[in-house]
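Written out below as structure tokens is the structure these notes cover.
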Amino acid sequence: MARRLLPVGLDFAETAPLRLVFAREVSASPEAVYRALAEDVAGWPQWFSAVTSARPLDDGARREVRLKGGTRFVETVVAAEPGEVYAYRVDETNAPGMRALLEEWRIVPGASGGARVQWTFAADGVAAFRVGLRVGRAGFGRAFRDAVRSLDRRLASAPA
């Protein structure tokens, strides 16, 4: 059964009751990382192992994402600034316990010439959901690191 979540804005990345924030340097340029995030939505399963399918909707204004285990999200893009930020909120999901969820990907030039990618997972939900996210923080961090490492390898091997 689909659950409607609160229609939060980009500010939720800073004000959410629960925020998980992870960052990593990559060799790819900020522009290349942004293109992979925002313009190649269907390519997400190639580098983010938790994602089994992703497809843009409404000319990229929305997305449908499916994860391993059967979780489904229908999302609205709330920020898309090339080479800088890509963020989306979940409008509908089959996952229990969520009230609001926003993911923000910030991309800035890296210290070594590539990019620094920061992922903020901003959420609210019932107590059990919040506890689960806190307990699962290390797993989220590992998933982020693995995904960004895989994305960097994918971008490095892409034809110019």
Side-chain angles (χ1 to χ4, degrees), residues 1-24 26 30-108 115-148 150-151:
M1 172 180 230
R3 292 171 181 77
R4 299 281 310 159
L5 303 187
L6 296 171
V8 296
L10 188 58
D11 63 321
F12 193 67
E14 298 298 325
T15 64
L18 183 60
R19 297 173 63 246
L20 305 178
V21 181
F22 307 97
R24 185 169 182 92
V26 297
E31 294 76 21
V33 172
Y34 177 85
R35 282 192 302 274
L37 293 171
E39 297 171 13
D40 185 20
V41 172
W44 279 54
Q46 302 302 312
W47 56 271
F48 207 131
S49 66
V51 177
T52 61
S53 72
R55 66 185 180 106
L57 304 171
D58 302 331
D59 293 322
R62 300 175 67 229
R63 307 163 11 131
E64 180 183 52
V65 175
R66 293 180 185 269
L67 304 179
K68 287 182 179 174
T71 302
R72 178 181 169 268
F73 299 115
V74 175
E75 305 166 337
T76 295
V77 174
V78 296
E81 298 174 26
E84 294 179 25
V85 64
Y86 183 63
Y88 43 87
R89 71 163 180 253
V90 173
D91 294 321
E92 184 179 300
T93 185
N94 62 347
M98 289 185 207
R99 289 189 193 113
L101 178 61
L102 177 113
E103 295 182 47
E104 176 192 67
W105 296 80
R106 289 265 168 198
I107 312 152
V108 297
R116 180 178 184 275
V117 181
Q118 177 179 292
W119 178 49
T120 300
F121 188 91
D124 190 15
V126 299
F129 172 75
R130 292 191 315 266
V131 168
L133 285 181
R134 285 186 187 101
V135 169
R137 179 180 182 75
F140 274 86
R142 189 169 36 263
F144 168 78
R145 285 188 304 276
D146 291 349
V148 172
S150 181
L151 174 61

Less than 4.5 Å apart, side chain to side chain, heavy atoms only: is that true for [X] and [Y]?
X	Y	answer
T52	L67	no
T93	T71	yes
I107	E84	no
V78	L102	yes
E31	V33	no
V26	V148	yes
P96	R3	yes

Can you see which heavy atom on [X] is nearest to which on [Y], and at what distance?
X	Y	answer
V8	L101	CG2-O, 4.4 Å
G83	P30	O-CB, 3.6 Å
W44	A54	CB-CB, 4.2 Å
P56	V41	N-CG1, 3.9 Å
P17	A123	CD-O, 3.5 Å

Any sub-3.5 Å donor-acceptor pair from [X]'s side-chain atoms to [Y]'s backbone N or O?
X	Y	value
D124	M98	no
T15	D11	yes
K68	S49	yes
R19	A13	yes
W105	V117	no

If you round to the nearest 0.5 Å, how far is [atom2] of [Y] from [atom1] of [X]?
X	Y	atom1	atom2	result
F12	T120	CZ	OG1	12.0 Å
F48	L151	CZ	CG	10.5 Å
Y86	R106	OH	CZ	14.5 Å
L10	Y88	CG	OH	12.5 Å

Polar side chain donor-acceptor pair, W119 to E103, under 3.5 angstrom
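Side-chain D/A pair, W119 to E103: present.
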
Using salt bridge (charged side-chain N to carboxylate O under 4.0 Å, His left out) as the criterion, list what pairs up with R35, not counting sequence neighbours.
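Salt bridge (charged side-chain N to carboxylate O under 4.0 Å, His left out) check on R35 returns nothing, list empty.
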
I'd like a table of donor-acceptor pairs (distance under 3.5 Å, sequence neighbours excluded) in which one partner is a side-chain atom from residues 126-147, with atom names and distances.
{"unit_1": "R130", "atom_1": "NH1", "unit_2": "G125", "atom_2": "O", "d": "2.5"}
{"unit_1": "R145", "atom_1": "NH1", "unit_2": "G141", "atom_2": "O", "d": "3.3"}
{"unit_1": "D146", "atom_1": "OD1", "unit_2": "R149", "atom_2": "NH1", "d": "3.2"}

Atom pairs and distances, side-chain donor-acceptor, residues 59-66, under 3.5 Å, sequence neighbours left out:
{"unit_1": "R62", "atom_1": "NH1", "unit_2": "D58", "atom_2": "OD2", "d": "3.3"}
{"unit_1": "R63", "atom_1": "NE", "unit_2": "E75", "atom_2": "OE1", "d": "2.6"}
{"unit_1": "R63", "atom_1": "NH2", "unit_2": "E75", "atom_2": "OE1", "d": "3.0"}
{"unit_1": "E64", "atom_1": "OE1", "unit_2": "R55", "atom_2": "NE", "d": "2.8"}
{"unit_1": "E64", "atom_1": "OE1", "unit_2": "R55", "atom_2": "NH2", "d": "3.1"}
{"unit_1": "E64", "atom_1": "OE2", "unit_2": "R72", "atom_2": "NE", "d": "2.9"}
{"unit_1": "E64", "atom_1": "OE2", "unit_2": "R72", "atom_2": "NH2", "d": "3.1"}

Given the rule in the side-chain contact (heavy atoms from CB on, under 4.5 Å) test, do Y34 and E81 qualify, once you have shown the distances and angles that lead to the verdict?
CA-CA 8 Å; Y34 177 85; E81 298 174 26; 5.6 Å; no

